[in-house]
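Notes follow once the structure below has been shown.
Throughout, residue positions are numbered sequentially from 1 according to the sequence presented.
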Amino acid sequence: MKKGTFVCTAVALASVFLSSCCACRKGSPKIANLEADKWRLTEFRGEAVPTEKSVVLTFDAEKKMVYGKAPCNNFFGGYSLFEDPQHNIEITNVGVTRMLCPNTRIEDGFVRELSDVKRLKIEGDRLLLLDAQGDLVALLTAVPATAEK
């Protein structure tokens with residue numbers, strides 16, 4: 001086999017391999033963004049979340065844990081990511097502290113529905129959490145590290 005033919009064949013095979021890898025991850029979230037950023041809850045079940053009631057969510061890639069801090073309580077759970085575009089995340093074993101605070105309706109509802117999230121999408125600096133029917137459960141926005149409280 002000539003050297004030129006070999007190089008062309010190698011390049012063609014590499015292109016096919018790389019494009020097939022991209023295709024298999026088509027439904028996956030951009031993991032680097034998901035696990036590198038912190039996310040602030042801005043909308044829950046169609047209702048805007050006031051800044052003083054916002055929840056901050058963090059995905060820990062190393063431990064495969066999700067952590068959250070709300071105005072009153074903290075919460076946590078495990079998570080797994082999948083390649084299926086219709087079911088690319090599973091959040092399990094959600095636990096929460098139970099401080100006695102007034103008006104925790106938004107944070108209680110958000111924490112309660114975390115285990116119902118089956119799909120997430122990242123669109124720029126926005127994270128969309130969707131249920132099994134594809135309905136928007138929550139909209140979160142990336143939080144720059146310097147903006148954290």
With the side chain counted from C-beta on, respond yes when Val49 and Val55 share a heavy-atom pair under 4.5 Å apart, and no when they do not.
no

Could you verify whether a donor N or O on one side chain and an acceptor N or O on the other, from Arg40 and Ser54, lie under 3.5 Å apart? yes

Rounded to the nearest 0.5 Å, the CD atom of Gln133 sits from the CD atom of Gln86 at a distance of 11.5 Å

Practice item. Would you check if the side chain of Thr42 reaches a backbone N or O of Leu139 as a donor-acceptor pair within less than 3.5 Å? Key: yes

Exercise: do Asn73 and Glu107 side chains pair donor with acceptor under 3.5 Å: yes

- In terms of heavy-atom contacts, does CE of Met99 have more than 12 from other residues, nucleotides or ligands at under 6.0 Å? no

Is any side-chain heavy atom of Leu128 less than 4.5 Å from a side-chain heavy atom of Ile122?
no

- I would like to know whether Phe75 and Phe110 meet side-chain contact (heavy atoms from CB on, under 4.5 Å); could you show each step before the answer? CA-CA 10 Å; Phe75 58 93; Phe110 178 71; 3.8 Å; yes

Of Leu120, Leu136, Val117, the one forming a side-chain contact (heavy atoms from CB on, under 4.5 Å) with Leu130 is Leu136

The side-chain hydrogen bond (donor to acceptor under 3.5 Å, both in side chains) partner of Tyr79 among Glu90, Glu35, Lys63 is Glu35

Which of Asp135, Asp116, Asp131 passes salt bridge (charged side-chain N to carboxylate O under 4.0 Å, His left out) with Arg45? It is Asp131

To the nearest 0.5 Å, atom CH2 of Trp39 lies from atom CG of Leu34 at 7.0 Å

Interatomic distance, CG@Leu127 vs OG1@Thr141, rounded to 0.5 Å, equals 9.0 Å

Sorted by chain and residue number, the ring-ring contact (aromatic ring centres under 6.0 Å, His included) partners of Phe44 (sequence neighbours excluded) come out as none

*asked:* Is the shortest side-chain heavy-atom distance between Leu129 and Leu140 below 4.5 Å?
replied: yes

query = Can you check whether Ile106 reaches Pro50 side chain to side chain, under 4.5 Å on heavy atoms?
reply = yes

Handout entry: pair Ile89-Ile91: side-chain heavy atoms closer than 4.5 Å
Key = yes

*Heavy atoms, side chains only, cut-off 4.5 Å: are Phe76 and Val94 in contact?*
no

> Do Lys53 and Asn103 come close enough that some side-chain heavy atom pair is under 4.5 Å?
Replying inline: yes

By salt bridge (charged side-chain N to carboxylate O under 4.0 Å, His left out), Arg112 pairs with (sequence neighbours left out) none

Q) Transitively linked via ILVMFWY side-chain contacts under 4.5 Å: Leu57 with Leu81? A) yes

In this structure, NZ of Lys118 is separated from CG of Asn88 (nearest 0.5 Å) by 11.5 Å

The complete set of disulfide bond (SG atoms under 2.5 Å apart) pairs with one or both residues in residues 61-143, sequence neighbours excluded, reads Cys72-Cys101

